[in-house]
Asker: 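Supplied in structure tokens, the structure appears directly below.
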Amino acid sequence: QVHLVESGGGLVQPGDSLRLSCDASGFNLENFAIGWFRQAPGKEREGVICIGSRGSTYSADSVKGRYTTGRDDAKGTLYLQIDRLKPDDTAVYYCAASPQIFVNRCLNSNYVQYWGQGTQVTVSS
């Protein structure tokens, strides 16, 4: 059974940092680009940052400089480091896997094959 399980979300204050994790199992992670999407209330789900199997990273302009991702295929894990959190970062964050052949589209939800269940990040003072 394929599983992507996010953890690390919670209630944080503006300016804080947060590190989310995603544990992947049940498929060959090496054949996939993996990354993070977020969905804020009333908004469409958007790709924010992803990383290909060879380490290439893609990110949305809105998060450049604050979001960092990395992967450890041997451990089946992915992380998202968010620095200088803003209220607009409030969303459910999902990890996702797209076939590596579509790595250049890994911020596009239409290419996602596997989704995690999401973890809530709330940024509020």
Side-chain angles (χ1 to χ4, degrees):
Q1 186 78 31
V2 170
H3 291 287
L4 290 169
V5 182
E6 303 94 335
S7 61
L11 176 62
V12 293
Q13 295 184 338
D16 283 355
S17 294
L18 190 67
R19 191 175 181 94
L20 308 181
S21 295
C22 175
D23 294 326
S25 61
F27 67 105
N28 188 354
L29 191 59
E30 294 180 354
N31 293 330
F32 289 83
I34 47 175
W36 298 90
F37 290 70
R38 68 184 184 187
Q39 188 164 21
K43 301 293 183 67
E44 294 184 347
R45 190 172 300 185
E46 62 174 344
V48 290
I49 193 165
C50 55
I51 181 169
S53 64
R54 299 180 68 184
S56 57
T57 303
Y58 307 83
S59 61
D61 288 343
S62 61
V63 304
K64 289 185 187 299
R66 297 191 302 115
Y67 284 43
T68 306
T69 192
R71 60 191 290 168
D72 186 335
D73 288 5
K75 296 181 178 179
T77 58
L78 171 76
Y79 76 83
L80 173 63
Q81 176 75 26
I82 311 176
D83 295 320
R84 303 185 303 282
L85 281 151
K86 302 176 179 179
D88 285 348
D89 294 320
T90 296
V92 177
Y93 284 73
Y94 301 88
C95 62
S98 303
Q100 174 62 25
I101 57 173
F102 302 128
V103 61
N104 292 339
R105 310 293 288 176
C106 63
L107 293 176
N108 187 330
S109 63
N110 291 327
Y111 291 83
V112 172
Q113 183 168 351
Y114 304 125
W115 292 98
Q117 84 291 344
T119 187
Q120 176 72 48
V121 174
T122 302
V123 185
S124 177
S125 61

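Heavy atoms only: backbone and side chains are in, while hydrogens, waters and symmetry mates are out. These numbers come from a predicted model, not from an experiment.
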Asker: Indicate the atoms forming the closest heavy-atom contact of A60 with G47, along with that distance.
Answerer: CB-O, 3.7 Å

Asker: Considering only heavy atoms from C-beta outward, does the side chain of S98 approach that of R105 to under 4.5 Å?
Answerer: no

Asker: Between CG of D73 and CG of N31, what distance do you get to the nearest 0.5 Å?
Answerer: 9.5 Å

Asker: Check for me, please, whether V48 and Y114 land in the same ILVMFWY cluster - side-chain distances under 4.5 Å, paths through other members count.
Answerer: yes

Asker: Check whether any side-chain heavy atom of Y93 lies under 4.5 Å from a side-chain heavy atom of I82, and answer yes or no.
Answerer: yes

Asker: Decide side-chain contact (heavy atoms from CB on, under 4.5 Å) for I49 and K64; before the verdict, give the C-alpha distance in whole Å, the side-chain angles of both, and the deciding distance to 0.1 Å.
Answerer: CA-CA 9 Å; I49 193 165; K64 289 185 187 299; over 6 Å; no

Asker: Just how far is it from atom OH of Y67 to atom CG of D83, taken to the nearest 0.5 Å?
Answerer: 10.5 Å

Asker: For K43, does the NZ atom have more than 12 heavy-atom neighbours from other residues, nucleotides or ligands under 6.0 Å away?
Answerer: no

Asker: Would you compute the distance between atom OG of S62 and atom CD of E46 and round it to the nearest 0.5 angstrom?
Answerer: 5.0 Å

Asker: Can you tell me if E6 uses its side chain to pair, donor with acceptor, with the backbone of C22 under 3.5 Å?
Answerer: no

Asker: Do S56 and V103 have side-chain heavy atoms sitting under 4.5 Å apart?
Answerer: yes

Asker: Check the side chains of N104 and Y58 for a donor-acceptor pair under 3.5 angstrom, ignoring hydrogens and angles.
Answerer: yes

Asker: Show the nearest heavy-atom pair for residues P99 and Y111, with the distance to one decimal.
Answerer: CD-O, 3.5 Å

Asker: Please name the pair of heavy atoms, one in C106 and one in F37, separated by the smallest distance, quoted to 0.1 Å.
Answerer: O-CZ, 3.6 Å

Asker: Please name the residue in the list L4, I34, T77 that meets the side-chain contact (heavy atoms from CB on, under 4.5 Å) test with L29.
Answerer: I34

Asker: Determine whether more than 12 heavy atoms belonging to other residues, nucleotides or ligands lie under 6.0 Å from atom CD of E30.
Answerer: no

Asker: Less than 4.5 Å apart, any side-chain heavy atom of I51 and any of L78?
Answerer: yes

Asker: What are the two closest heavy atoms between G9 and T119, and how far apart are they?
Answerer: N-OG1, 3.3 Å

Asker: Short question: side chain of R71, backbone of G52 - any donor-acceptor pair under 3.5 Å?
Answerer: yes

Asker: For Q100 and S53, which heavy atoms make the closest approach, and how far apart are they?
Answerer: OE1-N, 2.8 Å

Asker: Give, for atom CD of Q117 and atom SG of C95, the distance between the pair rounded to the nearest 0.5 Å.
Answerer: 7.0 Å

Asker: Report the relative orientation of the aromatic rings in F32 and F27; use parallel for angles under 30°, tilted for 30 to 60°, perpendicular for over 60°.
Answerer: perpendicular

Asker: Hey, are the side chains of L11 and S124 touching, using non-hydrogen atoms and a 4.5 Å cut-off?
Answerer: yes

Asker: If we only count heavy atoms from C-beta on, is the V63 to R38 side-chain gap below 4.5 Å?
Answerer: yes

Asker: Within the structure provided, determine whether D72 and Y79 are in side-chain contact (heavy-atom separation under 4.5 Å).
Answerer: no

Asker: Please determine whether residues V121 and W36 belong to a single hydrophobic cluster, defined as Ile, Leu, Val, Met, Phe, Trp and Tyr linked transitively by side-chain heavy-atom distances below 4.5 Å.
Answerer: yes

Asker: Starting at CG of N110, measure out to CZ of F102 and round the result to the nearest 0.5 Å.
Answerer: 11.0 Å

Asker: With the 4.5 Å side-chain cut-off for hydrophobic clustering, are L18 and V123 part of the same group?
Answerer: yes

Asker: Do Y94 and L20 land in one hydrophobic cluster if side-chain heavy atoms of ILVMFWY residues count as linked below 4.5 Å?
Answerer: no

Asker: Below 4.5 Å, heavy atoms only, C-beta onward: do R66 and D89 meet side chain to side chain?
Answerer: yes

Asker: Which distance, rounded to the nearest 0.5 Å, do you find between the CD of Q120 and the OG1 of T90?
Answerer: 7.5 Å

